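Scroll down for the structure; my scribbles are underneath it.
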Amino acid sequence: DMSDEERAFQDKIDNNIKIEPKDWMPDDYRRTLIRQIGQHAHSEVVGQLPEGNWITRAPTLERKAILLAKVQDEAGHGLYLYSAAETLGESRDELINLLHEGRMKYSSIFNYPTLNWADIGAVGWLVDGAAIVNQVALQRTSYGPYSRAMIRICKEESFHARQGYHAIMAMAFGTPEQKKMAQDAVNRLWFPAIMMFGPNDSESTHSEQSMAWKIKVKSNDELRQQFVDQTVPQILYLGLDLPDPGIKWNEERGHYDFSDPDWSEFFNVIKGNGPCNTDRLAARRKAWDDGQWVRDGLLAHSRKKAAARMA
Ligand code: FAQ
């Protein structure tokens, strides 16, 4: 009992033809995309805060210049993603408003603090590393504008992950104190990083429908396994101890086994009760308020230009 429109839509999905902004789409497909792309955009923007916090304290001018460029890239990623959401009829202002009212989520990972310089290396390596695993898969997502944003973002994100690994290498191969800091950063950020992929498939409310629509092309658990498999050898290369005693190569599966994170912590963080949720939202609201004069100025300028064109 599908309508012709629905059948044509599903045919495109099944044949891996991208859905474009003016194509007919089910309301729930549109809503799911706005939720996911909007949450993704917010993550890029809120994600600037833990690292931005360390720009003034980077240990060398070179590290400072690199970190500044990296954080700026994240702002750009946010803009591509808000633009992708706008093609679905949801304005950037509305999405930002929902974020500020606490009615939209952003990635759980950005509610953890970055306590020292080793954390900045670990964020670049583990957090951008996890982000890439997820985003490489999303390059094949069914919605055209989202897919194209992902292709561009992945290029920058792989540079970010390499700079993070380079920074953590300097620490792990440095003095005993530096190595200790690197170990501590990995120990603290490991479980939050693997939580980025979302709850286990059995608990993931949106997965089934999102996979049928190819909004998601790999499941949360598949992507998490892929991240663990690529990251464990990197930890070993650094000469660091594994952050989870449950990590063990499983010959039969051809994958690393690992322990589940504490899912009650995850659900608590996404409910707004993580260590930094309040600070992050307050910082974003303040940035929005402090930027009001810039928006006012731009608007006044464009109105003046438009009036001059009409005259
Ligand atoms: N955090 O049914 P599912 C970056 C929520 S990378 C918070 O499995 P779904 C780069 C979910 O919204 C990070 N909430 O959901 C960077 C849902 O709640 P709702 C951003 C989470 O959507 C690096 C509920 O749990 N990347 O920013 C999380 O099918 C360094 C049930 O979950 C993306 O957003 C979480 N981790 O799958 C920037 C990638 N996980 O909405 C700066 C795009 C789940 O019903 C510095 N997103 N929830 O209230 C996705 O791929 C998907 O949305 C998942 C979740 C896989 C995150």
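Keep in mind that this is a model prediction, so the values were computed, not measured. In listed order, ligands and their atoms are each counted from 1. Values below: all heavy atoms of this structure, side chains included; hydrogens, waters and symmetry mates excluded.
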What part of [X], side chain from CB on, backbone N/CA/C/O, both or neither, has a heavy atom under 4.0 Å from ligand 1?
X	value
Tyr106	backbone
Tyr146	side chain
Val123	neither
Thr205	both
Phe197	backbone
Asn134	side chain
His206	both
Lys105	side chain

Any N/O pair [X]/ligand 1 closer than 3.5 Å:
X	value
Arg35	yes
Glu51	no
Gln48	no
Lys216	yes
Ser204	yes
Ser108	yes

Could you tell me whether a side-chain N or O of [X] sits under 3.5 Å from a main-chain N or O of [Y], the two making a donor and an acceptor?
X	Y	answer
Trp54	Thr114	yes
Arg7	Met2	yes
Thr87	Ala84	yes
Ser83	Leu79	yes
Asn111	Gly274	no
Arg31	Pro26	no
Asp229	Tyr256	yes

If the cut-off is 4.0 Å to any non-hydrogen atom of [X], which atoms of ligand 1 fall inside it?
X	result
Gly47	42 (C), 46 (C)
Met195	36 (N)
Ser43	13 (C), 20 (C), 27 (O)
Glu74	16 (C), 30 (C), 38 (C), 42 (C), 46 (C)
Glu157	10 (C)
Ala131	6 (S), 10 (C)
Asn220	8 (O), 56 (C)
Gly198	40 (N), 44 (C)

Same cluster (ILVMFWY, side-chain, under 4.5 Å), Phe258 and Leu238: yes
Spacing of CG belonging to Asn134 relative to OG belonging to Ser107, to within rounding of 0.5 Å: 9.0 Å
So, [X] versus [Y]: side-chain donor-acceptor pair below 3.5 Å or not?
X	Y	value
Asp93	Ser91	no
Gln225	Asp221	no
Ser219	Asp201	yes
Tyr82	His42	yes
Lys271	Asn277	no
Gln226	Lys218	yes

Tell me, which protein residue and heavy-atom name are nearest [atom], and how many Å apart are they?
atom	value
atom 4 (C) of ligand 1	Glu44 OE2, 3.9 Å
atom 13 (C) of ligand 1	Ser107 CB, 3.7 Å
atom 30 (C) of ligand 1	Asp128 OD1, 3.2 Å
atom 57 (C) of ligand 1	Met196 O, 3.9 Å
atom 25 (O) of ligand 1	Ile270 CD1, 3.6 Å
atom 28 (C) of ligand 1	Phe266 CZ, 3.6 Å

Please determine whether any non-hydrogen atom of [X] lies less than 4.0 Å from an atom of ligand 1.
X	value
Lys70	yes
His77	no
Pro199	yes

Verify atom 50 (C) of ligand 1: protein non-hydrogen atom under 4.0 angstrom away: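 Protein heavy atom within 4.0 Å of atom 50 (C) of ligand 1: present.
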Test item: protein heavy atom less than 4.0 Å from atom 16 (C) of ligand 1: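 True for atom 16 (C) of ligand 1.
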Aromatic plane relationship, Phe267 with Trp263 - under 30° parallel, 30 to 60° tilted, over 60° perpendicular: tilted
Parallel, tilted or perpendicular, as decided by the 30° and 60° cut-offs, for the rings of Trp213 and Tyr29: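 Ring orientation, 0 to 90° scale: perpendicular.
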Option whose closest heavy atom lies nearest to atom 47 (N) of ligand 1, chosen from Gln36, Gln39, Met104: Gln36
Check ion pair Lys12-Asp23 (N to O, under 4.0 angstrom): yes
Test: Arg162 cationic atom under 6.0 Å from Trp125 six-membered ring centre, within 45° of axis: no
